[in-house]
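Worksheet for the structure shown next.
Sequence positions, counted from 1, serve as the residue numbers for this chain.
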Amino acid sequence: MSVPRLLAVAFILVTAAAAWVVLGGSVESRTREADVSLHEQVSALWGRPQAQRAPRFTVPAGKQRSELQPSASDITAAFQLDQRRKGLLWYATYVVDFDAAYVLRNPDGAAPAEVLMHFPFPDREGVYDGFAVSSDGAQLPIRYADGSASARIGLPPGGERTVKVGYRTNGLDEWRYAPTDDIGVIEDFSLTVKTDFADIDFPDDSVSPTRKERTGNGWVLTWDYDSLVSGRPLALTMPKPLNPGPVASRISYFAPVSLLFYFAALLLLTAGGGLRVHPMNYAFLAGGFFAFHLLFAYLADQVHVAVAFGVASGASMALCVGYLAMVIGRRRALAETATAQFVFLVLFSFSFFFDGFTGLAVTIGSVLTLGFFMAKTGRLDWDEIFARSTRQAKTPAGPPPPPSESLLPAPPG
């Protein structure tokens, strides 16, 4: 290919790259703006991230109150995942059944004590089904105020009571339990979390479970301590499906790399076979590539992401392969260029579905592609190929064909 044609192809690459940047920015902006409004909608309808703090137990001491720490805490939280999709984003909503039992012991062996329990709800605007407080099986009257519930528990001299609290509610993204408001000592503490999903994760600022057991489709996670000294929460992050919006924007931003590899493959394949492809042909092929990203970006918020990817891949492959069939004919080179598009467009884009593996996939693909083309072009005479391209570029166009005899004036009679 002559230098002017190479410059024309480079210009097509730059123009296509600018179009992809605009498309990626558009998808990213749509996703960000949708997340701001949709997150609030999902939170209002379903619930916010739950952060349950341990209740406080206080005993009157004159005009002041002294805090009473439970001698044992046994808590269970059972989760049912219910993921919901809004536009380009998935939200990890869940239902949690919370049950806790706290053992209170009266340190005074001579006099009874009345303990005031202050139980803060994880979300002031949440909905709590079946909320109840009991002491040794007997239901206690509850007073609600300022996003919390309070109840009074009577302790006999030197005796103890088991106070149980339970409810069912909805949450979003993550769930936390804070044994203390600050660094403190918690005796005989146990938290058991049951999930109906296998993909579990924990926030960076939380404490990992002491024991994990796989059960069917989920896990049983246990935090078990004889004496816990910590100010960090015990937490669980809910899994969510791949969000199509961020994936579509990342694929668009990296599309120029994919097109560059494809154009290089097309140049080598056609040059080695003595075929000539005009820069205008490259421009139409770039349009066929762009059709994939455009279709995927606007189908992903209407149908499942796998369906959107399949439709976009099929449409782009049909456009480019069908066009090349007319440009270079039905030859072996056509099958090779179709394979190159499948590798550099479809497989390259598919690697973005696996978070953290895109760079490795692109690197491996680049090395394998380099090896393939080195083996394919190792015996080519590049001097002859470039000389042939120069001769073809310098060959003047022939004179126009003479007009058809049927269009000449008839000779005089």
Side-chain angles (χ1 to χ4, degrees), residues 16-17 19-43 45-46 80-94 172-174 195-201 217-218 237-259 261-262 287-321 341-362 364-365:
W20 272 308
V21 169
V22 172
L23 177 62
S26 172
V27 175
E28 190 174 13
S29 176
R30 287 169 53 212
T31 303
R32 185 170 55 250
E33 292 175 1
D35 189 31
V36 172
S37 60
L38 293 177
H39 195 279
E40 288 299 321
Q41 293 179 21
V42 174
S43 297
L45 291 172
W46 192 256
Q80 299 174 27
L81 190 64
D82 187 10
Q83 298 162 330
R84 294 171 182 249
R85 180 180 173 181
K86 294 285 187 179
L88 289 168
L89 295 170
W90 280 94
Y91 294 92
T93 53
Y94 61 86
L172 174 68
D173 291 341
E174 68 177 25
T195 73
D196 66 348
F197 50 89
D199 188 11
I200 57 174
D201 200 3
N217 296 328
T237 300
M238 307 300 150
K240 64 177 66 174
L242 186 70
N243 279 321
V247 172
S249 62
R250 288 200 303 271
I251 291 177
S252 296
Y253 287 139
F254 281 88
V257 178
S258 174
L259 185 63
F261 285 163
Y262 176 69
F289 258 59
F290 188 76
F292 165 82
H293 301 86
L294 192 63
L295 277 172
F296 180 65
Y298 286 94
L299 277 176
D301 60 348
Q302 303 296 329
V303 299
H304 192 276
V305 63
V307 176
F309 187 87
V311 171
S313 300
S316 180
M317 290 286 295
L319 285 172
C320 293
V321 175
Q341 183 184 3
F342 180 78
V343 171
F344 296 128
L345 176 64
V346 180
L347 293 186
F348 180 87
S349 301
F350 187 67
S351 68
F352 284 84
F353 285 80
F354 304 94
D355 193 22
F357 292 95
T358 302
L360 178 61
V362 172
I364 294 175

In terms of side-chain heavy atoms, does Tyr94 have a donor or acceptor partner in Gln83 at a distance below 3.5 Å?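 Side-chain D/A pair, Tyr94 to Gln83: absent.
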
Between Gln341 and Ser316, a side-chain donor and acceptor under 3.5 Å: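 Side-chain D/A pair, Gln341 to Ser316: present.
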
To the nearest 0.5 Å, what is the distance between CZ on Phe342 and SG on Cys320?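 Phe342 CZ to Cys320 SG: 14.0 Å, rounded to 0.5 Å.
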
Gap between atom CG of Asp201 and atom CE of Met238 - 0.5 Å precision: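 Taking CE in Met238 and CG in Asp201, the distance rounds to 11.0 Å.
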
More than 12 heavy atoms of other residues, nucleotides or ligands under 6.0 Å from CZ of Phe254: yes or no?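 12 or below, so no.
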
Quick one: closest heavy-atom pair of [X] and [Y], and the distance?
{"X": "Ser349", "Y": "Phe292", "value": "OG-CE2, 3.5 Å"}
{"X": "Ile200", "Y": "Thr195", "value": "CG2-OG1, 4.3 Å"}
{"X": "Ala92", "Y": "Pro239", "value": "CB-O, 3.3 Å"}
{"X": "Leu345", "Y": "His293", "value": "CD1-CE1, 3.7 Å"}
{"X": "Ile251", "Y": "Phe296", "value": "CD1-CE2, 4.1 Å"}
{"X": "Ala297", "Y": "Ala248", "value": "CA-CB, 4.3 Å"}

Plane angle bin for Phe309 and Phe350 - parallel if under 30°, tilted between 30 and 60°, otherwise perpendicular: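 Tilted.
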
Test Asp173 against Thr237 for side-chain contact (heavy atoms from CB on, under 4.5 Å), laying out the working first. CA-CA 6 Å; Asp173 291 341; Thr237 300; over 6 Å; no

Worked check of side-chain contact (heavy atoms from CB on, under 4.5 Å) between Val305 and Val247: CA-CA 10 Å; Val305 63; Val247 172; 5.8 Å; no

Test your reading of the model: is there a side-chain donor-acceptor pair from [X] to the backbone of [Y], 3.5 Å cut-off?
{"X": "Ser351", "Y": "Phe348", "answer": "yes"}
{"X": "Asp196", "Y": "Leu81", "answer": "yes"}
{"X": "Tyr253", "Y": "Gly25", "answer": "yes"}

side-chain contact (heavy atoms from CB on, under 4.5 Å) partners of Leu319, counting only residues at least two apart: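 Checked Leu319 against side-chain contact (heavy atoms from CB on, under 4.5 Å); matches are Ala291.
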
May I ask you to test the [X]-[Y] pair for a side-chain heavy-atom distance under 4.5 Å?
{"X": "Phe344", "Y": "Val257", "result": "no"}
{"X": "Leu23", "Y": "Phe290", "result": "yes"}
{"X": "Leu172", "Y": "Tyr91", "result": "yes"}

Distance under 6.0 Å and angle within 45° of the ring axis: does Arg84 meet both against Trp46?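 Output yes; distance and angle both within limits.
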
